[in-house]
Amino acid sequence: MDILSKYNIPYKGLSLGSHTFEFEVDDRFFQAFEHSEFRRGHGRVKVGLEKQSRMLSLAFDMTGEVEVSCDRCLEEFMLPFAYQGTLQVRFSETEKESDGEIMWISPNETELCLAQYIYESINLSLPYQRVHPTDAAGNSLCNADMLSRFQIVSEEEFEQIVEQAAHSGEGEGGGPWGALEKVKEELNKTK
């Protein structure tokens with residue numbers, strides 16, 4: 001059985017009106033997506049479905065956490081997610097592009113596949129910058145050993161590096177800066 005088929009709703013047999021569905025997402029859910037940046041995670045998805053004669057209205061409430069890499073120290077950590085949103089499902093004989101707010105399906109379909117929508121909603125609910133949270137004292141929970149490996153250069157050190165690089169092509173006329181200087185001189189001669 002395909003793991004993602006658990007996230008299908010067989011709406012054809014439902015009566016008109018309100019219905020509630022609950023799903024659990026886990027490691028197997030995230031691993032089912034071929035190029036997923038998440039390999040681990042867990043959460044709860046609650047779906048309120050309002051079936052009408054010509055469309056379906058869905059309200060989503062998702063909470064949980066996924067494992068991500070910290071942008072600061074590169075260590076893996078569990079980042080919480082929360083998403084609330086709505087989706088309208090409309091029926092059309094012609095194929096139309098879904099846009100995140102409206103999903104188009106054929107009237108001949110019997111099930112509504114929500115796995116991709118759930119995955120994308122979780123992904124979009126995460127912050128752009130993913131860093132470890134801070135403790136009660138405001139200290140980062142990043143891996144201190146890893147942060148110590150990233151040495152930050154002061155402005156004075158940076159200026160010295162730039163100056164050394166600029167002078168590295170002088171003298172013997174070698175090095176990459178010297179070669180670039182020669183190309184620049186040749187281009188200026190042809191003007």
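Quantities reported herein were computed from a predicted structural model and do not represent experimental measurements.
When hydrophobic clusters are built by joining Ile, Leu, Val, Met, Phe, Trp and Tyr residues whose side-chain heavy atoms come closer than 4.5 Å, directly or via intermediates, Ile9 is not grouped with Trp104. Phe21 and Ile122 fall within a single hydrophobic cluster, where Ile, Leu, Val, Met, Phe, Trp and Tyr are joined by side-chain heavy atoms under 4.5 Å apart, directly or via other members. Residues Val45 and Leu124 are members of separate hydrophobic clusters, defined by side-chain heavy-atom contacts under 4.5 angstrom among Ile, Leu, Val, Met, Phe, Trp and Tyr.
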- Candidate pair Gln52 and Arg54, rule side-chain hydrogen bond (donor to acceptor under 3.5 Å, both in side chains), full reasoning: CA-CA 6 Å; Gln52 301 167 9; Arg54 295 187 175 202; over 6 Å; no
- Query: Can Ile102 and Val89 be said to form a side-chain contact (heavy atoms from CB on, under 4.5 Å), step by step?
  - Reply: CA-CA 6 Å; Ile102 299 175; Val89 179; over 6 Å; no
- Query: Which is it for Phe33 and Leu4 under the side-chain contact (heavy atoms from CB on, under 4.5 Å) test, yes or no, and what are the steps along the way?
  - Reply: CA-CA 9 Å; Phe33 291 91; Leu4 297 181; 3.9 Å; yes
- Item | Test side-chain contact (heavy atoms from CB on, under 4.5 Å) applied to Arg28 and Lys6, step by step | CA-CA 11 Å; Arg28 293 179 306 157; Lys6 291 182 1 181; 3.9 Å; yes
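At most 12 non-hydrogen atoms from other residues, nucleotides or ligands lie less than 6.0 angstrom from CD of Glu101. Remark: Lys46 NZ is loosely packed, at most 12 non-hydrogen atoms of other residues, nucleotides or ligands lying under 6.0 Å away.
Checked against side-chain hydrogen bond (donor to acceptor under 3.5 Å, both in side chains), Ser69 has the following partners two or more places apart in sequence or in another chain: Glu76.
With 3.5 Å as the limit, one finds a donor-acceptor pair spanning the side chains of His42 and Glu65.
One finds the CG atom of Leu49 at 10.5 Å from the OH atom of Tyr11 (value rounded to the nearest 0.5 Å). Between Leu87 atom CG and Met103 atom CE the span is 5.0 Å, to the nearest 0.5 Å. From Met55, atom CE reaches atom CD of Gln88 across 3.5 Å, with rounding to the nearest 0.5 Å. Rounded to the nearest 0.5 angstrom, Phe30 CZ and Arg39 CZ are separated by 10.5 Å. Taken from CD in Glu93 to CG in Asn108, the straight-line distance is 5.5 Å, to the nearest 0.5 Å. Leu16 contributes atom CG, which lies 6.5 Å from atom OG of Ser53 (distance to the nearest 0.5 angstrom).
When all heavy atoms of Leu79 and Pro127 are compared, the pair lying nearest together is CD2-CD, 3.9 Å. Asn8 approaches Cys113 most closely through the heavy-atom pair OD1-CA, 3.3 Å. Shortest non-hydrogen contact noted between Phe81 and Gly43 is CZ-CA, 4.3 Å. In plain terms, the two heavy atoms of Ala32 and Ile3 that are nearest each other are CB-CG2, 3.4 Å. For Arg44 against Glu24, the heavy-atom pair with the smallest separation is CG-OE2, 4.0 Å.
Using cut-offs of 30° and 60° on the angle between ring planes, the pair Phe60 and Tyr117 is tilted.
Taking the side chain as every heavy atom from C-beta outward, Ile118 and Phe29 approach each other to under 4.5 Å. In this structure the side chain of Val131 reaches within 4.5 angstrom of the side chain of Asp71, judged on heavy atoms. For the pair Glu75 and Cys142, the minimum side-chain heavy-atom distance is 4.5 Å or more. Here the side chains of Tyr7 and Leu112 are not in contact, with every heavy-atom distance at 4.5 Å or above. For the pair Leu141/Asp135, a side-chain contact is recorded, criterion being any heavy-atom separation below 4.5 Å from C-beta on. Counting only heavy atoms from C-beta outward, the side chains of Ser121 and Met62 approach each other to under 4.5 Å. Looking only at side-chain heavy atoms (C-beta outward), Ser36 and Asn123 stay at 4.5 Å or farther from each other. Looking only at side-chain heavy atoms (C-beta outward), His132 and Arg72 stay at 4.5 Å or farther from each other.
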